[in-house]
Amino acid sequence: MKFQLSSNSTLFYRLFMPTLWLGFFGAFFLAVFLSDKPDIGGLNMNSLKWELLAFVLTFVVVFKFTLWKLLRIDADIDYIYVTNFFRTVRYPLQDVEKIEVSRGFIYQYGTLYLKGKGYFGQNLSFIASKPRVEKFIAAEPNVAISVL
């Protein structure tokens with residue numbers, strides 16, 4: 001039996017939200033950057049260009065260290081499957097050190113710790129689905145899972 005440990009909203013937060021945000025504000029930045037007017041509505045365009053550049057780059061860094069780290073985690077009785085929606089990697093269940101699930105502001109945040117370094121690193125982040133994680137705990141009691 002296969003268990004999906006991560007939430008269905010992972011796809012939205014990992015791919016769609018950053019893509020839509022960067023598409024909208026990137027197009028807005030390009031429109032302002034390519035404008036040759038010195039000011040629009042009392043705003044100095046040179047300062048607006050630098051402020052928009054800083055705004056877009058700040059959110060690119062925020063997305064890189066938060067949303068783009070999220071992975072989808074699936075499991076069965078023998079393996080853990082980890083995907084970033086472009087590549088899927090399979091790890092044997094004995095390579096998993098533990099899975100921690102903690103409460104976040106909106107969602108439950110999960111971290112899967114591997115015993116060694118894997119393709120996506122040693123600590124894998126995901127948005128946890130509490131009912132699915134509880135079903136997996138019931139089916140696989142030998143995996144060390146801590147729910148905070």
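Residues: numbered from 1 along the sequence shown. In what follows, every heavy atom counts, from backbone to side chain, and hydrogens, waters and symmetry copies are set aside.
- Note: W68 and F63 have tilted aromatic rings, judged against thresholds of 30 and 60 degrees for the angle between ring planes.
- Taking CE of M17 as the start and CG of L22 as the end, the distance is 10.0 Å to the nearest 0.5 Å.
- Residues V56 and F25 share a closest heavy-atom pair of CG2-O, 4.0 Å.
- Under the 4.5 Å side-chain heavy-atom criterion for grouping Ile, Leu, Val, Met, Phe, Trp and Tyr, F16 is connected to Y13 within one hydrophobic cluster.
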V32 vs F28, test: side-chain contact (heavy atoms from CB on, under 4.5 Å). Steps then yes/no. CA-CA 6 Å; V32 169; F28 182 62; 4.1 Å; yes
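- Rounding to the nearest 0.5 angstrom, the gap separating the CD1 atom in I73 from the CD1 atom in I99 is 8.0 Å.
- Of all heavy-atom pairs between F33 and K49, the closest is O-NZ, 3.5 Å.
- The OG1 atom of T10 lies 7.5 Å from the CD atom of Q4; values are rounded to the nearest 0.5 Å.
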Checking side-chain contact (heavy atoms from CB on, under 4.5 Å) for the pair L114/V96: CA distance, chi angles, key distance, verdict? CA-CA 5 Å; L114 297 174; V96 175; 4.2 Å; yes
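- Counting all heavy atoms, side chain and backbone alike, F126 lies closest to L112 at CE2-N, 4.0 Å.
- Atom NZ of K64 has 12 or fewer heavy atoms from other residues, nucleotides or ligands within 6.0 Å.
- Here L11 contributes atom CG and L70 contributes atom CG; the two are 11.0 Å apart, rounded to the nearest 0.5 Å.
- The CZ atom of R14 lies 11.0 Å from the OG1 atom of T66; values are rounded to the nearest 0.5 Å.
- Chaining together hydrophobic side chains whose heavy atoms lie under 4.5 Å apart places Y81 alongside Y79.
- Two residues are said to be in side-chain contact when any heavy atoms from C-beta on lie closer than 4.5 Å; L53 and W50 meet this criterion.
- Residue F65 belongs to a hydrophobic cluster whose other members are V61, with links defined by side-chain heavy atoms closer than 4.5 Å.
- Not one N or O on the side chain of R132 forms a donor-acceptor pair closer than 3.5 Å with the backbone of F3.
- Counting all heavy atoms, side chain and backbone alike, D74 lies closest to K2 at CB-CE, 3.9 Å.
- Annotation for Y113: atom OH counts as buried by contact number, over 12 foreign heavy atoms lying within 6.0 Å.
- No more than 12 heavy-atom neighbours from other residues, nucleotides or ligands sit within 6.0 angstrom of OH on Y119.
- Around atom NZ of K69, no more than 12 heavy atoms belonging to other residues, nucleotides or ligands sit under 6.0 Å away.
- Nearest heavy-atom pair across S6 and R72 is OG-CG, 3.2 Å.
- The ring of F55 has its center closer than 6.0 angstrom to the ring center of W21.
- Tracing side-chain contacts under 4.5 Å through hydrophobic residues (I, L, V, M, F, W, Y), one never reaches L30 starting from L20; they form parts of separate clusters.
- Put simply, CD1 on I77 and CZ on F136 are 10.5 Å apart, with the number rounded to the nearest 0.5 Å.
- Counting only distance, with no hydrogens or angles, the side chain of S35 and the backbone of A31 share no donor-acceptor pair below 3.5 Å.
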Report the C-alpha distance between L15 and F86 in whole Å, list the side-chain angles of each, state the deciding distance to 0.1 Å, and finish with yes or no for side-chain contact (heavy atoms from CB on, under 4.5 Å). CA-CA 11 Å; L15 294 177; F86 298 107; 3.9 Å; yes
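- Put simply, the side chain of E97 never gets that close to the backbone of K115: no donor and acceptor are under 3.5 Å apart.
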